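Notes for the one structure printed next.
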Amino acid sequence: MGKVYKKVELVGASGEGLEAAIQTALERAAKTLRHLDWFEVKEIRGTVGPEGVREYQVVLEVGFRIED
């Protein structure tokens, strides 16, 4: 039998970098969603302060398997 997935959009943010922003979003999603299987980065943006980059923001589409 095939699999069925649902997609949700998340925005992860971190002052430490892009990977940390992605990890933040995925870790939080894993607390309420089961069967997370993949993600796709849709947008990258950030905020800027006097010293440079203040925060990285990454928009993700996350796919999770629907239970039978």
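Keep in mind it's a predicted model, so treat the numbers as computed, not measured. Just so you know, these numbers use all the heavy atoms, side chains as well, and skip hydrogens, waters and symmetry mates.
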Grab the two heavy atoms, one from [X] and one from [Y], that are nearest each other, plus how far apart they are.
| X | Y | answer |
| --- | --- | --- |
| Val48 | Arg54 | O-NH2, 4.0 Å |
| Gly12 | Ala25 | CA-CB, 3.7 Å |
| Leu36 | Leu26 | CD1-O, 4.1 Å |
| Ala21 | Tyr56 | CB-O, 3.9 Å |

key: Heavy-atom check, side chain of Leu60 versus side chain of Glu40, under 4.5 Å   = no

query = Any side-chain heavy atom of Tyr5 within less than 4.5 Å of one from Trp38?
reply = yes

query = Should Glu67 and Arg34 count as an ion pair when the cut-off is N to O under 4.0 Å?
reply = yes

ask   = Around atom CD of Glu55, are there more than 12 heavy atoms of other residues, nucleotides or ligands at under 6.0 Å?
value = yes

ask   = Does Glu16 CD have over 12 foreign heavy atoms under 6.0 Å away?
value = no

Euclidean distance, [Y] [atom2] relative to [X] [atom1], rounded to 0.5 Å:
| X | Y | atom1 | atom2 | answer |
| --- | --- | --- | --- | --- |
| Lys3 | Asp37 | NZ | CG | 6.5 Å |
| Ile22 | Leu10 | CD1 | CG | 11.5 Å |
| His35 | Phe64 | NE2 | CZ | 10.0 Å |
| Gln57 | Thr47 | CD | OG1 | 6.0 Å |

inquiry  = Between Val11 and Arg45, does the side chain to side chain contact (heavy atoms under 4.5 Å, CB included) criterion hold? Intermediate values first, please.
reply    = CA-CA 10 Å; Val11 179; Arg45 61 177 171 254; 4.2 Å; yes

Full working for side chain to side chain contact (heavy atoms under 4.5 Å, CB included) between Val58 and Glu43 = CA-CA 6 Å; Val58 180; Glu43 295 178 37; over 6 Å; no

message = Starting from Val59, can I reach Ile44 by hopping between I/L/V/M/F/W/Y residues whose side chains sit under 4.5 Å apart?
response = no

inquiry  = side chain to side chain contact (heavy atoms under 4.5 Å, CB included) for Val4 and Arg65? Distances and angles first, verdict last.
reply    = CA-CA 6 Å; Val4 175; Arg65 241 176 319 112; over 6 Å; no

